[in-house]
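See structure below.
Quick note: numbers below take in every heavy atom, side chains included, and nothing from hydrogens, waters or symmetry partners. Here, residue 1 is the first one in the sequence, and each next residue gets the next number.
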Amino acid sequence: MAALTEWKVPPSAQPRAEDYSYDLERALSSVVGLHSIVPSDAFTADTLGLERAGNGVLIDKGLVLTIGYLITEAETVWLHFGDGRVVQGHALGFDQETGFGLVQALARLDLPSLALGRSSDTRVGEPVVVGGAGGRKRSVAARIAAKQEFAGYWEYVLDEAIFTTPAHPNWGGTALIGASGDLLGVGSLQMQQAPERGRPGGDLNMIVPIDLLKPILDDMLKTGRANRPQRPWLGLYATEIEDKIVVVGLARGAPAQKAGLKTGDVVLSVGGAEVSDLAGLYRRIWSRGAAGVEVPLTVYRDGRTFEQTVVSSDRNRFFKAPSLH
């Protein structure tokens with residue numbers, strides 16, 4: 001794979017130390033590179049790849065917070081530092097609802113950690129830094145462009161995600177650093193925003209707010225997952241097309257595939273309640289109960305409408321457990 005040091009953010013987009021009241025270099029030194037290797041028979045190997053690279057941020061001694069898809073089912077995790085050191089890490093856990101992942105470094109790290117801020121206090125328009133591993137040259141001086149609901153095609157919803165612009169080119173696991181030099185969130189995706197009502201279009205980063213970590217952090221440290229009932233999961237990938245929910249893919253061996261759903265199916269309702277957007281679909285499924293509950297769907301396919309019940313599952317049961325090497 002390409003070395004993590006072979007690129008940099010354009011100088012015009014880099015943060016400048018004199019623009020911030022906190023020690024920018026110190027804050028950015030808390031952001032590390034992350035490289036994981038996943039076995040070829042892992043459930044997520046086809047969709048997320050066998051090698052994944054991104055960023056993580058040190059939030060305590062040896063404890064690195066990242067975006068979970070970088071370490072899901074990882075058998076080996078490496079942490080890369082600005083001074084050239086590489087340290088092995090252990091994937092502690094991944095929370096499906098928020099998307100956060102935790103890695104424990106397996107060697108001493110003489111680096112500062114970032115304090116957890118309050119993402120709920122952020123305001124649209126305020127300046128932030130989206131920090132990547134490698135310091136200022138791999139970080140972006142950005143602003144908060146929006147705070148709004150986000151629904152992902154993989155059965156994922158955030159009530160209020162944070163969107164920043166300009167986008168960081170290596171966004172996965174980046175640190176959203178606020179005006180006080182604290183951590184406000186972790187980078188998850190890059191998206192395109194269409195121009196509307198005088199607002200310019202362009203690339204955005206979607207950031208998972210740090211406030212979502214605080215209630216589950218202790219649980220994740222103890223058991224690798226949040227101590228709450230797991231949501232029912234169907235294993236379907238869906239998108240919105242003209243106010244219709246269309247199935248565009250199915251996870252292999254997952255409940256939706258086993259029940260006979262097919263790519264191209266249109267999901268009209270859940271339990272008799274109509275759905276017209278992804279967030280509404282997922283929330284209606286989750287309202288049925290915990291993982292394992294039956295989910296009755298009304299489906300349109302090839303000119304006919306029919307009822308199909310899917311017996312949901314816990315998505316975690318399909319994943320390989322992290323192993324310590």
Side-chain angles (χ1 to χ4, degrees), residues 1-4 32-57 64-80 88-104 132-133 150-158 161 167-174 185-192 203-208 212 220 224-226 230-231 233-239 247-257 263 278 282 291 313-325:
M1 60 180 292
L4 297 177
V32 301
L34 188 150
H35 174 208
S36 65
I37 299 174
V38 176
S40 59
D41 61 344
F43 186 72
T44 58
D46 291 342
T47 52
L48 297 176
L50 299 180
E51 289 196 47
R52 304 167 194 172
N55 309 272
V57 55
V64 174
L65 178 67
T66 187
I67 198 68
Y69 60 73
L70 293 177
I71 61 168
T72 302
E73 300 185 281
E75 61 181 5
T76 306
V77 178
W78 298 99
L79 302 173
H80 299 251
Q88 193 163 9
H90 169 57
L92 281 179
F94 169 33
D95 180 56
Q96 295 288 345
E97 290 192 21
T98 61
F100 286 124
L102 287 176
V103 174
Q104 179 67 51
F150 171 80
Y153 65 87
W154 61 96
E155 298 179 57
Y156 177 77
V157 174
L158 294 178
H168 194 290
N170 185 29
W171 57 86
T174 47
V186 170
S188 177
L189 298 172
Q190 180 172 308
M191 307 172 62
Q192 273 216 315
D203 291 334
L204 303 172
N205 286 142
M206 190 278 277
I207 309 286
V208 182
L212 298 179
M220 291 184 68
R225 60 195 294 178
Q230 294 299 303
R231 287 172 170 171
W233 176 71
L234 305 189
L236 57 80
Y237 305 125
T239 191
V247 177
V248 294
L250 297 162
R252 55 183 169 85
Q257 187 182 67
T263 300
L278 287 181
Y282 302 147
S313 183
D314 175 357
R315 177 170 10 200
N316 291 292
R317 292 182 179 176
F318 288 75
F319 295 158
K320 287 179 172 291
S323 56
L324 183 59
H325 292 285

For the [atom1] atom of [X] and the [atom2] atom of [Y], what is their distance to the nearest 0.5 Å?
X    : Y    : atom1 : atom2 : value
L70  : N55  : CG    : CG    : 8.0 Å
F150 : M191 : CZ    : CE    : 5.0 Å
H35  : E51  : NE2   : CD    : 4.0 Å
Q257 : T263 : CD    : OG1   : 9.0 Å
Y282 : W233 : OH    : CH2   : 12.0 Å
Q88  : L79  : CD    : CG    : 9.0 Å

* To do: Run the numbers on H90 and V77 for side chain to side chain contact (heavy atoms under 4.5 Å, CB included), then give the verdict.
  => CA-CA 6 Å; H90 169 57; V77 178; over 6 Å; no
* Using the ring of each side chain (for Trp, its six-membered ring), is F319 parallel, tilted or perpendicular to F94, with breaks at 30° and 60°? -> parallel
* Asked: What is the ring orientation for W154 with Y156, classed by angle as parallel under 30°, tilted 30 to 60°, or perpendicular over 60°?
  -> parallel
* To do: Output, in order, the C-alpha distance, side-chain angles, deciding distance and verdict of side chain to side chain contact (heavy atoms under 4.5 Å, CB included) for T239 and Y153.
  => CA-CA 6 Å; T239 191; Y153 65 87; 5.7 Å; no
Looking only at non-hydrogen atoms, find the nearest pair between [X] and [Y] and report the distance.
X    : Y    : result
G187 : I207 : CA-CD1, 3.7 Å
Q190 : P169 : OE1-CA, 4.3 Å
V157 : A151 : CG2-CB, 4.1 Å
L250 : A256 : CD2-CB, 3.8 Å
R252 : D41  : NH2-O, 4.4 Å
V186 : I67  : CG1-N, 3.9 Å

* To do: Would you sort out whether L158 and L212 count as a side chain to side chain contact (heavy atoms under 4.5 Å, CB included), showing the intermediate values?
  => CA-CA 9 Å; L158 294 178; L212 298 179; 3.7 Å; yes
* Asked: Looking only at atom types and distance, does a side-chain atom of N205 sit under 3.5 Å from a main-chain N or O of H168, one as donor and one as acceptor?
  -> yes
* **E155 side-chain N/O to L234 backbone N/O, donor-acceptor pair under 3.5 Å** => yes
* To do: Not counting sequence neighbours, which residues clear ring-ring contact (aromatic ring centres under 6.0 Å, His included) with W78? List them please.
  => none
* Any chance you could lay out the side chain to side chain contact (heavy atoms under 4.5 Å, CB included) test for T72 and R52, step after step, and finish with the verdict? => CA-CA 10 Å; T72 302; R52 304 167 194 172; 3.9 Å; yes
* Identified side chain to side chain donor-acceptor pair (under 3.5 Å) partner of Q96 from the options R225, R315, Q230 -> R315
